[in-house]
Protein chains: 2
Amino acid sequence: MSSKRATLADVARLAGLSPTAASMILNGRPDTRLSQDAHDRVNAAAEALGYRPNVAARGLRTDKTLTIGFISDVVATTRFASGLIKGALEAAEAAGHVVLVLETGGDPARETEAIAAVLDRQVDGIIFATMRARELFVPDIPAGTPVVMLNASNSRYPTSVLPDEREGGAQAVRLLIEQGHREGIVLLGQNDEVERDVFRSATVSRRVAGIRSAMKDSGLEFVAEESIWLWEPEEGYKSTKAMLERGVPARAIVCMNDRIAFGAYQALSEAGLSVPGDVSIVSFDNDELAAYLRPGLTTVALPHEAMGKRAVELLLAGATEGESLIPMPVVTRASIGAPA
Amino acid sequence: MSSKRATLADVARLAGLSPTAASMILNGRPDTRLSQDAHDRVNAAAEALGYRPNVAARGLRTDKTLTIGFISDVVATTRFASGLIKGALEAAEAAGHVVLVLETGGDPARETEAIAAVLDRQVDGIIFATMRARELFVPDIPAGTPVVMLNASNSRYPTSVLPDEREGGAQAVRLLIEQGHREGIVLLGQNDEVERDVFRSATVSRRVAGIRSAMKDSGLEFVAEESIWLWEPEEGYKSTKAMLERGVPARAIVCMNDRIAFGAYQALSEAGLSVPGDVSIVSFDNDELAAYLRPGLTTVALPHEAMGKRAVELLLAGATEGESLIPMPVVTRASIGAPA
DNA sequence: GGTGCGTGCTAAATGGGTTTAGCATGACTT
DNA sequence: AAGTCATGCTAAACCCATTTAGCACGCACC
């Protein structure tokens with residue numbers, strides 16, 4: 001409503017001092033010799049005028065804009081994004097920063113343009129996020145701008161934040177074992193080709209490795225492994241149905257994600273099998289779906305929010321190199337029971 | 001990788017001209033009298049140095065930062081957000097703008113702070129978005145900064161973008177009527193209290209009004225109306241189950257949203273009723289769920305992406321006052337059939 | 001009384017651009 | 001020869017802050 005923003009010069013004038021003095025006082029410069037009286041007058045004037053520094057002008061001089069660039073392939077606008085962005089926004093807010101969100105669709109030309117756009121605005125750092133953890137192509141970024149890869153990795157920018165998939169995978173299996181399952185355990189969704197795909201392996205292969213090592217540690221083996229190329233409910237449904245028709249004695253299913261699990265529920269229900277009475281199910285992601293299913297799906301969550309948070313913390317702390325692995329919390333619902 | 005960004009002064013020096021000339025040429029000023037030769041030299045120099053203007057510095061002089069503030073209560077990080085933000089980002093990108101995304105959790109203190117934060121960065125305009133269309137509390141914003149309300153309305157800032165709920169509601173009913181339904185139509189979820197709540201009525205009451213008017217236009221009446229306070233699957237399930245147990249002869253259900261519909265599917269399936277063989281279902285939102293259900297849920301979509309897009313277009317065009325109603329497209333799947 | 005020093009403050013440069021006002025130069029009038 | 005005008009370009013102010021360099025004053029000391 002006030003027609004004009006107060007500038008530092010306005011504050012100084014009202015306080016009867018120079019802009020220099022006002023600047024120093026408002027920024028709490030340590031070794032200045034300005035009087036207590038000057039401090040009081042400047043603070044009062046700033047308060048009276050509702051003065052807020054112009055960040056752009058300040059940034060021009062200081063090279064700090066209190067602004068972070070968050071560039072993602074498609075994550076900004078997907079269910080997976082929610083947590084990533086939310087965590088980032090929160091951590092940024094806590095540090096008095098603000099976030100510029102851009103989306104590239106994974107297109108290198110748009111990626112290049114996005115980088116330029118945030119650099120044009122003198123961001124203090126850039127976060128690259130992807131929907132699927134992967135090795136990410138990243139155009140050149142001028143040295144001096146910190147970069148962290150979120151849910152992605154890149155050899156040129158070695159600071160990255162990833163879910164601790166290996167441990168998460170192991171936990172899913174342990175959940176079953178703790179309930180007494182030792183036989184009839186099925187792995188649903190794992191796919192060698194997906195696993196070999198460098199652009200997805202960052203996450204998938206670790207999850208699978210964790211699963212397998214937990215099985216092995218307990219001396220167990222899967223009764224069946226059903227491969228699925230596209231991790232959607234439809235495929236989970238078909239795959240489970242086919243498995244059941246083949247007569248696989250499934251007592252527990254480890255699904256590679258919740259959408260596959262959703263499909264499995266549908267097929268199981270059609271076959272007259274109950275969860276968890278006849279078959280226990282454990283899964284990954286903690287998709288929104290997981291809570292809607294009946295019974296609720298027990299799943300090892302992707303810790304998106306914590307990841308987003310960590311990414312900006314690392315960025316602002318001056319990115320230590322290396323991978324930050326964020327633990328995947330298990331969300332216990334009702335889909336796991338003791339074997340009949 | 002280049003160690004320093006080229007400045008306008010660098011370009012001017014390389015071209016052998018003044019910064020003034022370089023600025024005018026690069027900005028394509030119309031009535032300047034600079035020679036063709038000067039143009040060529042400046043353009044070549046800019047190209048050679050990879051010059052990109054510093055947006056912050058320019059903004060200082062011009063008051064245009066090519067940046068938009070997108071402030072939401074909680075929308076930034078929910079499934080509802082996806083489209084809203086995506087649409088906004090796309091329209092912004094098309095116009096050479098960039099978006100600062102902030103989240104307030106609906107807390108007035110954080111809202112005030114968020115506004116200050118974007119204003120500190122001299123944004124060209126502000127979009128306020130909410131998850132549920134509603135009358136929104138908005139702290140003072142200095143005159144001169146355009147504001148548009150997205151999925152929300154506010155009497156002080158009259159430019160708003162909303163889904164065309166009335167027409168959408170009517171369409172849902174017409175979908176049923178077209179298939180020949182005239183009897184046994186149930187309205188599931190409508191709730192008088194919700195409807196009276198000013199903070200939600202912007203959307204809900206219009207949707208209901210559209211539904212009712214379409215029924216009336218065809219001389220039809222609901223066989224039952226089931227009220228639901230919390231629009232979640234669990235409640236949809238309970239409510240449908242209770243209705244069935246009461247012996248309501250339901251042949252078609254209009255669900256107030258997809259999550260309620262999800263619950264209805266579960267209850268119907270338990271009761272041995274098939275969709276759409278025994279009961280047709282139509283719903284609203286086009287939640288991600290809708291595609292996962294078996295059979296796929298026919299639903300009247302919330303046009304989030306189009307809304308986000310429209311919001312920035314209005315903002316950049318210098319916001320015409322009034323409501324922009326965005327059509328709600330019907331997404332046809334397989335949940336509606338002819339009555340048996 | 002000159003020198004040195006601490007105290008309290010400010011002028012001016014700086015960052016990177018835009019914009020206003022106006023300076024040379026040459027051609028053309030009258 | 002003086003005045004007018006178009007042409008092609010630049011100096012300098014400005015936007016809003018930070019920062020460096022340094023001024024003016026008073027006091028202590030020899």
Side-chain angles (χ1 to χ4, degrees), chain A residues 4-43 45-46 49-67 116 119-124 142 144, chain B residues 4-43 45-46 49-67 116 119-124 142 144:
Chain A
K4 263 284 174 44
R5 255 179 102 88
T7 70
L8 183 63
D10 296 330
V11 172
R13 198 171 311 123
L14 182 58
L17 288 167
S18 69
T20 307
S23 171
M24 288 170 152
I25 288 170
L26 292 173
N27 288 306
R29 270 284 206 84
D31 293 325
T32 190
R33 294 178 309 246
L34 295 160
S35 66
Q36 184 57 50
D37 181 55
H39 277 81
D40 294 345
R41 269 153 48 214
V42 167
N43 287 324
L49 298 175
Y51 171 71
R52 304 215 18 146
N54 178 322
V55 176
R58 166 187 288 170
L60 216 45
R61 200 73 239 272
T62 60
D63 264 334
K64 300 238 145 297
T65 51
L66 302 179
T67 304
L119 254 20
D120 288 350
R121 290 164 180 82
Q122 316 289 115
V123 293
D124 293 345
Chain B
K4 265 284 175 46
R5 257 178 101 88
T7 69
L8 183 64
D10 296 330
V11 172
R13 199 171 312 122
L14 182 57
L17 287 167
S18 70
T20 307
S23 172
M24 289 170 151
I25 289 170
L26 292 173
N27 288 307
R29 269 284 205 83
D31 293 325
T32 191
R33 295 177 308 247
L34 295 160
S35 65
Q36 183 57 50
D37 181 55
H39 277 81
D40 294 344
R41 269 154 48 215
V42 167
N43 287 325
L49 297 174
Y51 172 72
R52 305 216 17 148
N54 178 324
V55 176
R58 166 187 288 170
L60 216 45
R61 194 78 237 267
T62 60
D63 263 334
K64 300 239 145 298
T65 51
L66 302 180
T67 303
L119 255 19
D120 288 349
R121 290 165 181 81
Q122 317 291 114
V123 294
D124 293 344

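In the text below, chain A, chain B and the rest are named by the order of the sequence lines, each starting its count at 1.
A:N43 is linked by a side chain to side chain donor-acceptor pair (under 3.5 Å) to nothing, counting only residues two or more places apart in sequence or in another chain. Shown here are the side chain to side chain donor-acceptor pair (under 3.5 Å) partners of A:D40, two or more places apart in sequence or in another chain: A:Q36. Every residue two or more places apart in sequence or in another chain that forms a side chain to side chain donor-acceptor pair (under 3.5 Å) with A:D120 is listed here: B:R5, B:R52. Residues that satisfy the salt bridge (Lys or Arg N to Asp or Glu O under 4.0 Å) test with B:R41, not counting sequence neighbours, are B:D37.
Going from atom CG of B:L34 over to atom C1' of D:dG8 covers 7 Å, rounded to whole Å. Separating the CE atom of A:M24 from the C1' atom of D:dG22 is a distance of 12 Å, rounded to the nearest angstrom. One atom, CG of B:D37, and another, C1' of D:dG8, lie 11 Å apart when rounded to the nearest Å.
First and last contacts of DNA chain C with chain B, using any nucleotide atom under 4.0 Å from a protein heavy atom and ordered 5' to 3', fall at C:dG16 to C:dT20.
Comparing A:R41 and B:Y51 by the nucleotide of DNA chain C whose heavy atom lies nearest to each, the residue mapping closer to the 5' end is A:R41. Toward the 5′ end of DNA chain D lies the nearest nucleotide of A:R29, the other residue of the pair A:R33 and A:R29 mapping further downstream.
Annotation: proximity of residues 9-23 of chain A to DNA chain D (heavy atom, distance under 4.0 Å) is found for A:T20, A:S23, numbered in ascending order. Within a heavy-atom distance below 4.0 Å of DNA chain C, the residues of residues 53-64 of chain A found are A:A57, A:L60, A:R61.
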Could you pull out all donor-acceptor pairs under 3.5 Å where a side-chain atom in residues 18-25 of chain B meets a protein atom, sequence neighbours excluded?
residue: B:S18; atom: OG; partner: B:T20; partner atom: N; Å: 3.4
residue: B:S18; atom: OG; partner: B:A21; partner atom: N; Å: 3.1
residue: B:S23; atom: OG; partner: B:N27; partner atom: ND2; Å: 3.4

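Taking all atoms of both residues into account, the shortest heavy-atom contact from B:L26 to B:Y51 is CD1-CE2, 3.7 Å.
Using modelled atom types and a 3.5 Å distance limit, the side chains of B:T67 and B:R121 yield no donor-acceptor pair.
Within the structure, every pair that satisfies the salt bridge (charged side-chain N to carboxylate O under 4.0 Å, His left out) test and touches residues 11-28 of chain B, not counting sequence neighbours, is listed here: B:D10-B:R13.
Checking A:L60, A:V55, A:D63, A:T62 one by one against A:Q122, the side chain to side chain contact (heavy atoms under 4.5 Å, CB included) holds for a single residue, A:D63.
Each end of the helix from C:dG1-D:dC30 to C:dT30-D:dA1 gets its own rotation axis from five pairs of C1' atoms, and the angle between them is 80° to the nearest 10 degrees.
B:V42 places a side-chain heavy atom less than 4.5 Å from the side chain of B:V11.
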